[in-house]
K.L.:
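Have a look at this one.
Heavy atoms only: backbone and side chains are in, while hydrogens, waters and symmetry mates are out. Here the structure is a predicted model, which means the values were calculated and not measured.
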Amino acid sequence: MSVRTTATLTTVDLLWDTTDMLDALAARNIAQVFRLVQRATRASQTTLGVATGLSQAQISEITSGARRVSSIDVLTRICTGLSMPRHARMTLLLGEREPAPDLAGHQLGTAVRDQCADVSAIYSSRSDFMAELPPQALFDHAADIRAAGLSLNLICQQYGDNRLLRLLAAGTRLRCLFLDPAGEAIRRQEREDDYPDGHLSALTELNIQNLARRIRDRLPADARDNLVIGVYDESIRANVLLIDGRLCVVQHYLPQMRGVDCPTLVIERSASPSGLYPIFDEMFNSLWERSRQL
C-alpha cells in the first residue's frame with residue numbers, strides 16, 4: 001500500500017478510492033472530505049490548516065458546515081495540501097464522476113485511474129493553462145486543428161493573424177465550430193453568465209467575421225479550403241481543442257463562473273481505447289456533423 005506525504009500530512013492512496021470519498025469530492029463537500037481524512041489519519045484541524053493554507057478557525061467552520069468552499073483557487077490548494085491523486089483531484093475540480101463500477105477496494109481505484117489515464121495536466125483556470133501552454137506552443141507546428149466552443153478566443157484573439165496565415169498557407173487544416181451568434185443557446189449562455197443581451201453574440205460574430213475576412217479571404221486560392229468555419233446552436237458544456245489527433249484541451253463551463261476562471265484539462269491520446277480522448281474526439285465529430293458551415 002503506497003502513501004502520499006506532505007510536510008505535515010500523510011494520506012493513504014486507498015482513501016481516495018472509497019465510495020464515500022468519491023461522493024464527497026463530486027459534491028464538493030469539503031466538510032465531509034476533511035472528516036474522512038481526519039478519520040483515516042487522525043490529523044488535527046491545525047494540521048489540516050497547515051497542509052491546505054487555511055487557518056484552524058476556517059477548517060472548523062468548514063467542517064461544521066458554517067462555511068462552504070466554492071473558490072477554484074481554494075479547492076486547488078486543498079487538492080495540493082492533501083496530496084490528492086489525479087483522479088480524485090479531477091473529480092473535485094469538475095464536480096462530477098462516473099458511476100462507480102461494481103468493484104471493491106483497490107480495484108475501484110484502478111478502474112477510475114484507467115479511465116483518466118490520458119489526462120496529463122489539470123489547471124485550476126484558463127489563465128494558469130495559458131501561462132504554461134501559450135497558443136504558439138500549441139499551434140505553431142500543428143498539421144490539423146479542430147476547435148469547438150463559444151467564441152474560440154484562443155485562436156481568434158490570442159494567436160497572431162500572420163502566424164495563422166502562414167500556418168494555413170503551409171497546409172495546416174483548421175476547423176472552427178462556434179456557438180451560433182444568432183441562436184438561442186448563446187442567449188441562454190448570456191443570461192447564465194450575467195452578461196448584457198447581445199454581448200457574447202457580438203463577440204462571437206466579430207471573431208467569425210475576422211476569421212473569414214482577415215484570414216480566409218487573404219489565403220492563396222488553393223489554401224482557402226484549409227479553413228472551414230461552422231456554427232451550432234446547442235447548450236455549451238466545454239471548449240474542445242484537438243490537435244493532430246494526439247492532444248486535446250478541454251475548458252469546461254461551470255454555472256455562475258466566467259469561462260476564464262474554469263478548470264482546464266490537457267489530455268494526451270494513449271494507445272489504450274479507454275481514457276477521455278475518444279470521448280471528446282467523438283463530441284467534436286458529432287457536433288460537426290450537426291453544424292452549419294459558413
K.L.:
For the residue pair Thr204 and Ser201, confirm or rule out a side-chain donor-acceptor distance under 3.5 Å.
P.N.:
no
K.L.:
Do Met130 and Leu154 have side chains that get closer than 4.5 Å, going by heavy atoms?
P.N.:
yes
K.L.:
So, the side chain of Asn239 versus the backbone of Leu150: is there a donor-acceptor pair under 3.5 Å, distance only?
P.N.:
yes
K.L.:
Does the pair Arg187/Glu190 count as a salt bridge with the N-to-O cut at 4.0 Å?
P.N.:
no
K.L.:
When you look at NE2 of His141, are more than 12 heavy atoms from neighbouring residues, nucleotides or ligands closer to it than 6.0 Å?
P.N.:
no
K.L.:
Begin from the C-alpha positions of Gln293 and Trp288 and carry the test side-chain contact (heavy atoms from CB on, under 4.5 Å) through to its verdict.
P.N.:
CA-CA 9 Å; Gln293 292 187 17; Trp288 188 260; 3.6 Å; yes
K.L.:
Apply the side-chain contact (heavy atoms from CB on, under 4.5 Å) test between Asn207 and each candidate in Ile229, Leu152, Asn153, Ile155; give the one that qualifies.
P.N.:
Asn153
K.L.:
So, Asp193 and Gln189: side-chain donor and acceptor under 3.5 Å apart, yes or no?
P.N.:
yes
K.L.:
Do Arg216 and Leu168 have side chains that get closer than 4.5 Å, going by heavy atoms?
P.N.:
no
K.L.:
Measure the CZ-CD distance between Arg188 and Glu234 for me, rounded to the nearest 0.5 Å.
P.N.:
9.5 Å
K.L.:
Any salt bridge between Glu184 and Arg191, counting N to O under 4.0 Å?
P.N.:
yes
K.L.:
Verify the neighbour count for atom CZ of Arg173: are there more than 12 heavy atoms of other residues, nucleotides or ligands below 6.0 Å?
P.N.:
no
K.L.:
May I have the step-by-step check of salt bridge (charged side-chain N to carboxylate O under 4.0 Å, His left out) for Arg292 and Asp180, ending in yes or no?
P.N.:
CA-CA 9 Å; Arg292 175 173 57 88; Asp180 190 343; 3.4 Å; yes
K.L.:
Under a 3.5 Å distance rule, please check whether Thr63 uses its side chain to pair with a backbone N or O of Ser60 as donor and acceptor.
P.N.:
no
K.L.:
Is it true that Asp281 and Arg146 have a side-chain N and a carboxylate O under 4.0 angstrom from each other?
P.N.:
yes
K.L.:
Does Gln58 use its side chain to pair, donor to acceptor, with the backbone of Ser55 at less than 3.5 Å?
P.N.:
yes
K.L.:
Examine distances only and state if a side-chain atom of Ser120 and a backbone atom of Val266 form a donor-acceptor pair shorter than 3.5 Å.
P.N.:
yes
K.L.:
Going by atom types alone, do Arg35 and Gln32 pair a side-chain donor with an acceptor below 3.5 Å?
P.N.:
yes
K.L.:
Does Thr52 reach the main-chain N or O of Leu48 with its side chain, forming a donor-acceptor pair under 3.5 Å?
P.N.:
yes
K.L.:
Between the side chain of Ser286 and the main-chain N/O of Glu282, is any donor-acceptor distance below 3.5 Å?
P.N.:
no
K.L.:
Checking Asp244 side chain against Ala143 main chain: does a donor-acceptor pair fall under 3.5 Å?
P.N.:
yes
K.L.:
Does atom CG of Asn210 have more than 12 heavy-atom neighbours from other groups under 6.0 Å away?
P.N.:
yes
K.L.:
Using the rule side-chain hydrogen bond (donor to acceptor under 3.5 Å, both in side chains), only one of Gln56, Arg67, Arg68 pairs with Glu61; which is it?
P.N.:
Arg67
K.L.:
Leu276, Phe284: one ILVMFWY side-chain cluster at the under-4.5 Å cut-off?
P.N.:
yes
K.L.:
Evaluate the side-chain contact (heavy atoms from CB on, under 4.5 Å) criterion for residues Leu15 and Met21: first the C-alpha distance (whole Å), next the side-chain angles of each, then the deciding distance (0.1 Å), finally the verdict.
P.N.:
CA-CA 7 Å; Leu15 169 66; Met21 179 59 81; 3.9 Å; yes
K.L.:
Kindly say whether Leu167 contributes a backbone atom to a donor-acceptor pair with the side chain of Thr172 at under 3.5 angstrom?
P.N.:
yes
K.L.:
For Asp197, is the CG atom crowded, meaning more than 12 foreign heavy atoms sit under 6.0 Å from it?
P.N.:
no
K.L.:
For Asp140 and Tyr159, which I'm curious about, is there any donor-acceptor pair between the side chains at under 3.5 Å?
P.N.:
yes
